[in-house]
Amino acid sequence: MYNFKEIEKKWQNYWDKNKTFKVKNEGKNPYYILVEFPYPSGSGLHVGHVRSYTAQDALARMKRMQGFNVLYPMGYDAFGAPAEEYAIKTHQHPKNVVKKNVEVFGNQMRTLGFSFDWDRSFSTTDPEYYKWTQWQFIQFFKHDMAYKAVTKVNWCPKCKMVLSNEDAAGGVCERCGTQVEQKEKSQWMLRMAKYSEDLLKGLDDTNFAEKVKLGQINWIGKSSGVEMDVDIVGGGKFSIFTTCIETVYGITFFVIAPDGKLIEELMPRVENKEEVLEYIKETSLKSSMDRTELNKGKSGVLVKGVEAINPINGKHVPIYLGDFVLGDYGTGAVMAVPAHDQRDYEYAKEHNLDIVQVIEGDISTKAFEKQDYLGKNCKLMNSEEFTGLTVEEAKEKITDMLVQKGIARRVNNYKMRDWVFGRQRFWGEPIPMIYCDDCGWNPVKEEDLPVTLPDVTEYEPTDNGESPLAKIDEFVNCKCPVCGKDAKRETDTMPQWAGSSWYFLRFMDPHNDHEFASMDAMKYWNKVDWYNGGMEHTARHLLYARFWIQFLYNIGLVPNKEMIWTRVSHGMVLGSDNQKMSKSKGNVINPDDIVNEYGADTLRMYEMFMGDYQMDAPWNIDSLKGCSRFIDRIIKIGEKLNDKSGYTDEILANKTIAKVEYDLTHLKYNTAVSSLMIMLNEYDKFENGITKDDYRLLLILLNPIIPHITEELNEQYNLGEAICKSTWPQYDESKTQDELLTLAIQVNGKLRGTIKVNKDKPNDEVLKLAKEEENVSKHLEGKEIIKEIVIPGKIVNIVVK
RNA sequence: GCAGGUGUGGCGAAAUUGGCAGACGCACUAGACUUAGGAUCUAGCGGAGCAAUCCAUGGGGGUUCAAGUCCCUUCACCUGCACCA
C-alpha cells in the first residue's frame with residue numbers, strides 16, 4: 001500500500017495554500033452545488049455524510065474542469081436539542097459544545113479532501129448569521145405572516161419540559177417514560193397554510209425528482225370538495241366539508257369535533273352536558289398519538305337535545321361527538337355516511353346507528369367506499385331525482401343544485417397547517433419580539449439585532465414550560481421599542497428548521513453585513529442547481545425552505561419564487577448487518593478509522609462504488625479493500641509508461657470520457673467507477689504499455705472521485721499541469737463506438753449466434769450474413785421463415801415455423 | 001389503512017430505457033511466483049447437463065418478433081404519513 005497519509009496531506013495543503021476552490025461572484029457559467037449541511041453532533045462525521053459530500057464533490061470537481069464557476073459551500077446547522085442537552089449535562093455553554101464539534105467536523109471534512117470554499121463557511125448559531133434569521137422573522141411579522149395563537153404542546157410533567165412530537169412518540173416521554181400530557185401554550189405561528197396553493201404550483205418551476213415532488217404534494221394534502229351548511233332543528237347552523245357530496249342522501253348522523261368551537265356554541269342546548277363535558281375532557285388529555293392508538297374502537301357520545309337537518313331531504317338526524325373528527329381540519333364537523341365510508345361504518349356499528357345505502361354495491365361487511373365506486377360507472381340509489389345517475393354525474397349535479405340554493409360552496413382543503421414556530425428551549429434563535437402592556441407585541445428595532453443568547457451557566461428548563469431564557473431577568477426585561485416603557489422580551493426560540501430555511505442564500509454572499517445577501521449575488525447564482533440531501537428531509541425541510549423563499553420573493557427580497565432547481569436524495573449507508581448504524585447496535589463505522597487505515601481516496605471511491613447512490617447500501621469492508629487494490633493498480637501501471645503519445649485505444653478513451661461525464665451528472669457514480677475499472681483492465685492488456693496521454697486521461701477521469709493520488713501521479717510522471725487546474729477532456733461522439741459491431745442473432749427470440757458487421761452495413765446484407773452464421777443456419781434448416789426483424793446496431797431476430 | 005420505494009448469482013450490483021440477463025467489484029475454486037502469504041499474477045465462477053441445449057430477474061397471468069424493463073394480479077420487505085371527512 002502506498003503512503004496515502006503523506007500524499008493526501010500534501011495535496012490538501014496545496015489546495016488550501018493556492019485557494020484552489022475559492023470562488024467569486026463573477027464570471028461565466030455560475031453553477032451552484034449544495035449538500036445539506038450537517039448538524040455537528042458529538043459523535044463526529046458519519047460515513048453517510050461522506051457518501052453525499054463525495055458525490056457532490058466529484059460533480060463539483062468535474063464541473064470546474066469543464067469551465068463552470070462552481071459554488072460548493074459547507075456550513076453547520078448547529079442549533080437544536082442535542083447540543084443543549086449535552087450542555088446541561090456537562091454544565092457548559094452550548095456554544096462551546098458547538099464550537100468544539102464544528103472543529104472536529106471541519107477537520108474530518110478536510111482530511112477527506114472535499115473541495116468546499118471554506119471562506120464561505122458559517123454556522124447557523126453565529127450571531128452574524130442568526131441576526132438575519134431574526135430579521136427575516138420580523139419581515140414575517142410586519143407582513144402579518146407571524147402571529148401568536150394558543151396551541152397544544154406535549155408536556156412531560158416529570159421532566160417539566162415541552163417535547164417535540166418525535167420525543168413524545170407513543171404518548172410517553174422519550175427520556176423518562178412518563179405519560180405525556182397536552183398543555184396549552186401561546187406560541188408564535190407562521191401563516192404557512194396560506195401558501196398551500198403556491199407551494200403546490202411552485203413545484204412546476206423546479207426540476208425535483210418525481211418522488212420528491214410527490215412528497216411535497218402529499219404533505220400539503222390538497223383535497224377538493226364541498227362545504228355545505230347544515231341547519232339545526234330549532235335554529236342555528238354549522239357547516240361540514242366533504243369530498244363525497246354524491247353520498248349526501250346517505251347521511252344518518254353528523255359527527256363534530258370535541259376540540260372544536262361548534263360544541264362550545266351548542267353547549268347551552270345540550271341536555272347531557274355532563275356526559276359531553278366528560279368526553280371533551282377525556283379527549284383533551286389524549287395526544288394526537290393516543291387518538292390514533294385508540295383507533296380500534298370509535299369512541300364518542302350522542303349530543304342530546306340538538307338534531308341536525310339533512311339539507312337535501314329535510315330529514316332529522318342525530319349529532320355525535322367523536323374524537324376522530326379534528327377541530328382544526330376542514331370545519332371541525334363531518335357528515336356521516338356509514339354505507340360509503342369505512343370510518344363512519346365502524347362508528348355506526350359501534351353506536352347502533354342507521355345505515356342508508358345510496359350507491360349500488362356490496363355493503364354487507366364493510367362500507368362501499370369511493371375507491372370502490374369512483375370511475376366504475378356505479379349508479380346512485382335512494383337519492384330522489386338523482387337515482388340512476390352515475391356517481392360522477394351526480395357529484396356535479398348535486399353540487400350545482402346545492403350551490404344554486406346558496407347552501408354549499410366548492411372549496412379546497414389542505415392538510416398543511418400553519419407552522420408552530422416557538423420552542424421553549426434555550427439553544428435556538430431568540431424570537432426578536434417584545435411585549436409591552438400598552439403597545440402589545442412589537443419587533444426589536446433592526447439596529448438592535450441580533451438578539452443574542454446570554455452567557456449563563458444554567459440551561460435547565462423551567463417548571464412551567466417556559467424557555468430557560470424566561471428565568472434570566474437581564475434577558476427578559478427591556479424597553480418597548482415603540483413607547484420606551486418597561487417591557488418584556490419573548491423568551492421562546494425558533495425551531496431548528498428556521499436557520500436551515502435560507503442558509504443556501506447566505507452562501508451566495510456570506511460576509512454581507514448590511515443585508516442577508518445582496519440581490520446582485522442572488523441574481524448571479526440564480527438558483528441552486530443541485531441540492532442533495534437525505535430522503536428524510538425531502539418533505540418538511542424542503543417545504544419550510546420553499547415557503548420561506550416564496551415569502552421573501554413576495555416581498556421582493558429574492559429574485560426567484562423557487563430558489564432550488566434540482567433536488568436529489570441519497571440512500572443511507574447501513575451497517576454491515578444491513579441495519580441503520582447506531583451506537584446501540586455497535587455497527588457504526590467511523591470514517592476517521594477508514595481514512596487512517598486505507599486513506600481518504602479509498603474511502604471516497606468505495607462510497608461511490610458501493611451501489612446505486614439513491615439507494616441504501618450496507619457497509620462491506622471487503623469491497624472497500626477491492627477499491628484499495630484498484631488504487632494500487634493505478635499506481636503500478638505508471639511503471640508501464642512508454643514514450644509514445646496519443647491514445648492507444650481511441651474508442652476506449654472516447655467511450656470512457658462520455659460514460660464518466662454522463663454518470664457523474666446522473667447520480668450514477670457506481671457505474672462511473674466501474675467504467676474506469678474497465679479502462680484500467682484494458683490498459684493492462686496493452687502489449688507495449690501505455691502512453692502518457694493514456695495515463696493522464698485515466699487520472700483526470702478518476703480525479704473527481706479520488707483527487708489526491710491522481711494529482712500525485714500526474715505530478716510524479718510529469719504528465720502535465722495540476723489536474724485541478726486542467727481542462728476536462730472532450731470526447732468525439734463518432735469515436736465512442738467501434739466500426740465493427742457484434743450483433744446478436746436470434747431465432748424465435750432465442751440467441752443462436754453472433755456476427756461482426758460494420759456499423760453502416762445495410763439491413764438486407766446484415767440479414768444475409770446472419771442467416772449464413774453456422775449455428776443460425778442450423779436452426780433455420782427445414783423451417784419456414786415468417787418474419788425477419790433487423791434493428792440496426794442492436795439485434796436480428798428471425799421468426800420461423 | 002394511505003402514499004412512495006425495493007425485490008436480479010453466495011454477496012454489493014449492472015443492463016445503452018423494450019433488444020445477447022448477470023458488466024464491474026467482493027467472496028470462492030484451481031494454478032503460477034514465493035522461505036512465507038491475509039501480497040501479486042493467470043484462469044474459472046447463476047442452476048442442470050459430457051454436450052447440443054434447457055431453466056432462471058419474488059409468485060401467477062397477459063401484450064410483443066423480443067419483457068428484469070410495459071399492462072393486470074398477487075406476495076414479501078423497507079421508508080414516510082397516519083381517523084384529513
Side-chain angles (χ1 to χ4, degrees), chain A residues 1 210-212 214-215 217-219 221-223 225-226 240-244 247 254-255 257 288-289 291-295 298 322-326 328-337 341-344 346-347 370-371 413-417 535-536 538-540 571-572 574 578 580 606 609-612 614-627 629-630 632-633 636 658-659 662 668 670-678 680-681 684 736-737 742-754 775 778 786-791 793-800:
Chain A
M1 211 184 293
E210 214 42 50
K211 65 174 174 180
V212 174
L214 263 170
I217 290 168
N218 288 341
W219 195 276
K222 177 176 181 173
S223 57
V226 176
I240 57 100
F241 173 72
T242 180
T243 55
C244 307
T247 62
F254 288 90
V255 187
S288 53
M289 300 288 177
R291 278 211 206 178
T292 359
E293 265 179 37
L294 295 174
N295 199 2
K298 288 273 180 277
D323 68 3
F324 72 84
V325 178
L326 308 173
D328 58 353
Y329 179 79
T331 60
V334 300
M335 63 181 214
V337 183
D341 181 293
Q342 185 60 23
R343 204 184 40 196
D344 298 345
E346 285 166 24
Y347 198 89
K370 60 179 164 192
Q371 64 263 32
N413 257 307
Y414 302 88
K415 284 190 208 174
M416 195 170 73
R417 317 290 163 86
M535 200 57 210
E536 70 275 18
T538 51
R540 300 188 68 185
M572 267 185 295
L574 304 173
N578 235 315
K580 204 168 161 174
Y606 168 61
F609 186 60
M610 68 196 315
D612 185 329
Q614 302 191 67
M615 227 102 81
D616 293 352
W619 186 263
N620 181 341
I621 192 71
D622 283 329
S623 198
L624 179 131
K625 285 178 190 164
C627 292
R629 195 143 59 204
F630 175 70
D632 286 337
R633 286 177 58 208
K636 218 162 147 193
K659 174 79 175 153
Y662 180 87
K668 294 170 81 74
N670 52 339
T671 49
V673 172
S674 71
S675 71
L676 289 161
M677 288 175 167
I678 292 169
L680 180 64
N681 290 346
D684 260 337
T736 55
Q737 214 181 27
T742 306
L743 217 54
I745 318 297
Q746 297 180 334
V747 179
N748 283 349
K750 295 232 159 86
L751 182 71
R752 296 303 177 192
T754 57
N775 196 35
K778 221 163 68 191
I786 297 172
K787 200 167 181 180
E788 293 162 334
I789 294 133
V790 182
I791 310 293
K794 289 196 170 162
I795 208 159
V796 176
N797 191 7
I798 303 166
V799 186
V800 298

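Residue whose closest nucleotide on RNA chain B sits further toward the 5' end, between A:D616 and A:D684: A:D616. Along RNA chain B, the nucleotide nearest to A:K580 and the one nearest to A:C244 differ in position, and the one closer to the 5' end is contacted by A:K580.
Using a 4.0 Å heavy-atom distance criterion, A:D344 is classed as making no nucleic acid contact. Looking at heavy-atom distances under 4.0 Å, A:N797 makes contact with a base. The residue A:I789 sits close to a base: some heavy atom pair falls under 4.0 Å. Across all strands, A:K668 comes closer than 4.0 Å only to sugar-phosphate atoms, never to a base (heavy-atom distances). Using a 4.0 Å heavy-atom distance criterion, A:G626 is classed as a sugar-phosphate-only contact. Nucleic acid contact class of A:R752 (heavy atoms, under 4.0 Å, all strands): sugar-phosphate only. Residue A:N748 is classed as having no contact, given no heavy-atom separation below 4.0 Å to the nucleic acid. Using a 4.0 Å heavy-atom criterion, one finds that A:N670 contacts the sugar-phosphate atoms exclusively. Base engagement by A:I791 is indicated by at least one non-hydrogen atom pair under 4.0 Å involving a base atom. Within 4.0 Å of A:K636, counting heavy atoms only, lie sugar-phosphate atoms of the nucleic acid but no base atom. Note on A:T538: nothing from the nucleic acid sits closer than 4.0 angstrom, heavy atoms only. Counting non-hydrogen atoms under 4.0 angstrom, A:Q746 reaches a base of the nucleic acid. At a threshold of 4.0 angstrom between heavy atoms, the contacts of A:N775 are confined to the sugar-phosphate backbone, with no base atom among them.
The separation of B:G68 from B:G80, taken at their P atoms, amounts to 33 Å, rounded to a whole angstrom. Spacing between B:A82 and B:A3 at atom P, rounded to whole Å, works out to 16 Å. Atom C1' of B:U17 sits at a distance of 32 Å from the matching atom of B:C81, rounded to the whole Å. Distance noted for atom P between B:G22 and B:C28: 24 Å (whole Å). Of the P atoms belonging to B:C54 and B:A66, the separation is 15 Å, rounded to the nearest Å. Nucleotides B:G25 and B:G9 are separated by 14 Å at their C1' atoms, to the nearest Å. Comparing the C1' positions of B:G12 and B:U16 gives a spacing of 22 Å, expressed to the nearest Å. Spacing of C1' atoms, B:C71 relative to B:U64, comes out at 12 Å, to the nearest Å.
Applying the Watson-Crick and G-U wobble criteria (two distances, each under 3.5 Å), B:C2 pairs with B:G80. Across the strands present, B:C11 finds its partner in B:G25; the criterion is a Watson-Crick or G-U wobble pair with both atom distances under 3.5 angstrom.
Between A:N775 and A:R752 the shortest side-chain heavy-atom distance falls below 4.5 Å.
Nucleotide B:U17 is shown with a syn base, its glycosidic torsion being within 90° of 0. Its glycosidic angle being within 90° of 0, B:G9 falls on the syn side.
The interatomic distance linking A:D612 (CG) with B:G7 (C1') rounds to 14 Å, in whole Å.
Below the 3.5 angstrom threshold, one finds a donor paired with an acceptor across the side chain of A:R417 and the base of B:C84.
OP1 or OP2 of B:C65 has not a single side-chain nitrogen or oxygen of A:K794 nearer than 4.0 Å.
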